[in-house]
Participant: 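Quick one: this structure, given as structure tokens, is what I'll be asking you about.
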Amino acid sequence: IRMMVGRELSAVFPKRAVPIGDVVLEVRGLSCQAVGVSHVSLSVRAGEILGLAGLVGAGRTELARVLFGLTPADSGKILLRGRPVVIDSPARAVELIGRAVALVPSAAVFHANLGEAYRAAGQPARAAGCCRTALALQPGHPEAANCLGLILLGAGQADAAAEHFQAALRARPDFAIAHTNLGNARRLQGDKADALTHFRRAVEIDPGLALARSNLGQFLLETGELE
């Protein structure tokens with residue numbers, strides 16, 4: 001870093017001695033199959049700053065969402081000052097931890113989440129605008145690309161939708177929902193073989209995903225094939 005910026009960072013951000021206290025937050029074997037978080041364990045002591053590092057798609061944001069209750073965990077334990085707690089919503093997170101905790105996503109993640117919220121609320125125009133902003137900030141953002149693909153698919157634009165689902169899968173190949181959505185787009189395009197490939201891939205990635213199994217079953221009934 002010194003060679004990049006031309007000076008020691010300690011000249012701008014001097015290291016301060018901070019007493020390290022007891023464990024405040026502890027996570028044991030935390031998992032959430034829906035977002036790909038698997039058996040995460042960590043602890044944070046009073047006075048510590050814990051950083052999560054990784055490439056795009058490594059699961060940093062997904063873990064933060066689980067800890068904040070946006071996508072509740074399937075298994076594992078969260079302990080606050082040694083006491084097991086269940087965080088199943090952001091409101092519960094704030095209630096338990098107080099105003100000392102907040103989820104501050106990156107700008108791209110914020111716009112992607114806002115786009116998904118608008119889509120769920122039946123406002124596709126606003127949703128598409130938010131998703132496009134997220135993709136401008138972070139090209140290939142998987143959730144934003146998938147959300148925009150769903151909007152286009154709902155508008156009958158299967159070709160454009162398929163391109164966005166493919167972009168989502170390039171960024172995150174194990175994105176089961178995107179495989180399911182691409183399967184639906186391929187079905188509308190008349191490419192039954194590729195549709196079946198993606199429906200099956202979605203179920204392989206996440207056997208418990210009801211939407212994936214439902215889409216695969218419906219497709220097999222439509223085509224007269226047997227599993």
Side-chain angles (χ1 to χ4, degrees), residues 32-37 51-73 87-94 97 99 101-189 198-199 201-202 205-206 209-212 214-215:
C32 179
Q33 189 177 27
V35 294
V37 173
L52 300 175
L55 299 174
V56 173
R60 297 165 300 165
T61 300
E62 288 78 7
L63 175 59
R65 289 172 64 89
V66 173
L67 291 173
F68 201 61
L70 283 166
T71 48
I87 300 178
D88 53 8
S89 70
R92 182 62 172 157
V94 174
I97 309 176
R99 298 187 182 277
V101 64
L103 177 62
V104 183
S106 69
V109 172
F110 171 79
H111 283 287
N113 289 342
L114 187 58
E116 185 57 46
Y118 276 131
R119 189 185 69 81
Q123 300 183 49
R126 286 188 172 183
C130 290
C131 291
R132 288 193 171 97
T133 299
L135 291 169
L137 292 167
Q138 183 181 322
H141 189 287
E143 284 77 14
N146 181 69
C147 180
L148 185 54
L150 282 172
I151 295 166
L152 294 168
L153 194 63
Q157 301 179 44
D159 292 347
E163 291 179 4
H164 287 289
F165 296 139
Q166 286 177 304
L169 290 170
R170 282 194 295 271
R172 186 175 156 192
D174 62 347
F175 198 175
I177 288 291
H179 277 290
T180 295
N181 294 334
L182 181 54
N184 282 320
R186 292 298 191 223
R187 180 172 59 81
L188 292 175
Q189 290 175 310
H198 286 288
F199 286 140
R201 181 61 182 139
I205 293 170
D206 189 353
L209 185 61
L211 180 63
S214 174
N215 276 271

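Since the structure is predicted, the reported quantities are computational estimates derived from the model, not experimental observations.
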Participant: Kindly compute the distance separating CG (Leu211) from CG (Asn184), expressed to the nearest 0.5 Å.
Facilitator: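 Interatomic distance, Leu211 CG to Asn184 CG, rounded to 0.5 Å: 7.5 Å.
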Participant: Can you confirm whether Arg126 is buried at CZ, in the sense that more than 12 heavy atoms of other residues, nucleotides or ligands lie under 6.0 Å from that atom?
Facilitator: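 Not more than 12 within 6.0 Å, no.
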Participant: Looking at Ala112 and His141, what are the two nearest heavy atoms and their distance?
Facilitator: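 Looking at all heavy atoms of both residues, the shortest contact is CB-CE1, 3.7 Å.
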Participant: On a heavy-atom basis, which atom in Ile87 and which in Arg92 lie closest, and how many Å separate them?
Facilitator: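 Scanning both residues, the minimum pair turns out to be CA-CG, 4.1 Å.
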Participant: Determine the minimum heavy-atom distance between Pro72 and Cys32, stating which atoms define it.
Facilitator: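 Looks like O-SG, 3.4 Å.
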Participant: Is there side-chain contact between His179 and Leu182, with heavy atoms separated by less than 4.5 Å?
Facilitator: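 No, their side chains stay 4.5 Å or more apart.
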Participant: Ile205 and Asp174: which non-hydrogen atoms are nearest, and at how many Å?
Facilitator: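 Residues Ile205 and Asp174, closest heavy atoms: CG2-O, 3.3 Å.
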Participant: Got Arg65 and Val35 here, is their nearest side-chain heavy-atom distance under 4.5 Å?
Facilitator: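 Sidechains of Val35 and Arg65: no contact.
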Participant: Tell me every residue that passes ring pair (Phe, Tyr, Trp, His ring centres under 6.0 Å) with Phe199, counting only those two or more places apart in sequence or in another chain.
Facilitator: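 Once residues adjacent in sequence are excluded, the partners of Phe199 under the ring pair (Phe, Tyr, Trp, His ring centres under 6.0 Å) criterion are Phe219.
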Participant: For a 4.5 angstrom cut-off between non-hydrogen side-chain atoms, does Thr71 reach Glu62?
Facilitator: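 A side-chain contact under 4.5 Å is absent here.
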Participant: To the nearest 0.5 Å, what is the distance between CD1 (Ile177) and CZ (Arg172)?
Facilitator: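 Reported to 0.5 Å precision, the distance equals 9.5 Å.
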Participant: Hey, are the side chains of Leu209 and Gln33 touching, using non-hydrogen atoms and a 4.5 Å cut-off?
Facilitator: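 No. Closest side-chain heavy atoms not under 4.5 Å.
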Participant: I need the Gln157 CD to Ile151 CD1 distance, nearest 0.5 Å.
Facilitator: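 Interatomic distance, Gln157 CD to Ile151 CD1, rounded to 0.5 Å: 10.5 Å.
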